[in-house]
Amino acid sequence: MEPPSASAPRWCVPWMGILLAVSLLTSWNPLATAKLSIVLTHAAEGKNALLPVRNLPEGLVGYAWYKGRHVNSNHQIASYVIERQENTPGPAHSGREIIHPNGSLLIHKVTLEDTGYYTLQIIKKTFHNEEVTGRLHVYQTMVKPSI
């Protein structure tokens, strides 16, 4: 009889390796982890804010950004056609927003009223569109009193 501290018999080691490999292969899927997202953004009042987009899929025709948590034509900030590299303002456009070719939304000189949710709609060539919502937080800058 072997002491309890002895290692497992050699015939068990390959099975443990195979089980580990199968476990990793079934749980690790790079496509499933690359989900479309908007990075949470913080910006000081009066500064520019960029809402970056991550993991854009291939085969896109364009983008549309909306103020709020849902796609609503009355709250459309702007749309962007990739082939023509053209921004078109929507009803919620303040004149300070621009969509970059990578889908990110830039807002110039943010105000406290810009704080909130923003929704990006990506338009695919297949017309199977996707939506993702992100948040912008604008904080007030402290002004030092003059002495």
Side-chain angles (χ1 to χ4, degrees), residues 7-8 10-147:
S7 61
R10 289 183 169 239
W11 58 268
C12 288
V13 175
W15 282 106
M16 290 188 323
I18 290 171
L19 288 174
L20 177 63
V22 169
S23 173
L24 288 172
L25 288 173
T26 57
S27 65
W28 181 72
N29 183 352
L31 296 176
T33 58
K35 194 170 187 179
L36 177 66
S37 63
I38 299 170
V39 178
L40 173 66
T41 302
H42 298 273
E45 187 178 21
K47 301 293 183 181
N48 295 341
L50 181 69
L51 284 95
V53 180
R54 289 193 180 152
N55 305 315
L56 281 171
E58 297 292 321
L60 298 181
V61 174
Y63 317 102
W65 276 93
Y66 300 84
K67 179 77 168 127
R69 291 184 184 209
H70 305 286
V71 170
N72 179 331
S73 60
N74 293 326
H75 299 285
Q76 184 180 36
I77 298 167
S79 61
Y80 182 85
V81 178
I82 294 171
E83 186 175 297
R84 295 190 304 246
Q85 296 183 352
E86 178 180 88
N87 272 290
T88 304
H93 193 266
S94 70
R96 299 177 293 120
E97 303 92 353
I98 189 164
I99 302 174
H100 285 281
N102 66 3
S104 298
L105 178 68
L106 175 66
I107 305 173
H108 292 281
K109 298 182 181 176
V110 293
T111 66
L112 294 175
E113 290 78 32
D114 292 319
T115 293
Y117 291 95
Y118 290 80
T119 298
L120 169 66
Q121 180 182 46
I122 57 169
I123 299 112
K124 298 180 178 181
K125 290 179 183 174
T126 62
F127 295 107
H128 184 267
N129 302 339
E130 287 183 42
E131 299 168 14
V132 64
T133 300
R135 185 159 167 74
L136 169 64
H137 177 74
V138 179
Y139 56 91
Q140 195 170 21
T141 54
M142 299 300 290
V143 178
K144 292 183 181 180
S146 57
I147 300 176

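FYI, the numbering just counts along the sequence from 1.
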*Asks:* Can you establish whether the number of heavy atoms outside R54 located under 6.0 Å from its atom CZ is more than 12?
*Replies:* no

*Asks:* Can you name the one residue among I123, T88, N87 that meets side-chain contact (heavy atoms from CB on, under 4.5 Å) with S79?
*Replies:*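 Looking at I123, T88, N87, the match for S79 under the side-chain contact (heavy atoms from CB on, under 4.5 Å) is T88.
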
*Asks:* Please confirm whether the backbone N or O of N102 pairs with a side-chain atom of H100, one donor and one acceptor, at under 3.5 Å?
*Replies:* no

*Asks:* Could you tell me whether the side chains of Y63 and Q121 share a donor-acceptor contact shorter than 3.5 Å?
*Replies:* no

*Asks:* From L106 CG over to E97 CD, what is the distance, rounded to the nearest 0.5 angstrom?
*Replies:* 9.0 Å

*Asks:* At what distance, to the nearest 0.5 angstrom, does OG1 of T111 lie from CD of Q140?
*Replies:*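 If we round to the nearest 0.5 Å, T111:OG1 and Q140:CD are 11.5 Å apart.
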
*Asks:* To the nearest 0.5 Å, what is the distance between NZ on K109 and CG on N48?
*Replies:*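 Here the interatomic distance stands at 8.0 Å.
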
*Asks:* Measuring from atom CD1 of I122 to atom CG of L60, what distance do you get when rounded to the nearest 0.5 angstrom?
*Replies:* 5.0 Å

*Asks:* Side-chain contact, heavy-atom cut-off 4.5 Å: T41 with P52?
*Replies:*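 Contact flag for T41/P52 side chains = yes.
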
*Asks:* Nearest 0.5 Å please: distance from the CH2 atom of W65 over to the CD1 atom of I38.
*Replies:*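 Between atom CH2 of W65 and atom CD1 of I38 there are 3.5 Å.
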
*Asks:* So which of T115, L112, V110 actually passes side-chain contact (heavy atoms from CB on, under 4.5 Å) with H137?
*Replies:* T115

*Asks:* Roughly how far, to the nearest 0.5 Å, is CG of L40 from NE2 of H42?
*Replies:*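 If I round to the nearest 0.5 Å, the distance is 4.0 Å.
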
*Asks:* Got a salt bridge between D114 and K67, using NZ or NE/NH1/NH2 to carboxylate O under 4.0 Å?
*Replies:* no

*Asks:* Does some side-chain heavy atom of Y66 sit less than 4.5 Å from a side-chain heavy atom of L120?
*Replies:*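 When only atoms from C-beta onward are counted, Y66 and L120 do not touch, as no gap falls below 4.5 Å.
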
*Asks:* Surrounding NE2 of H108 (heavy atoms of other residues, nucleotides or ligands, distance under 6.0 Å), is the total greater than 12?
*Replies:* yes

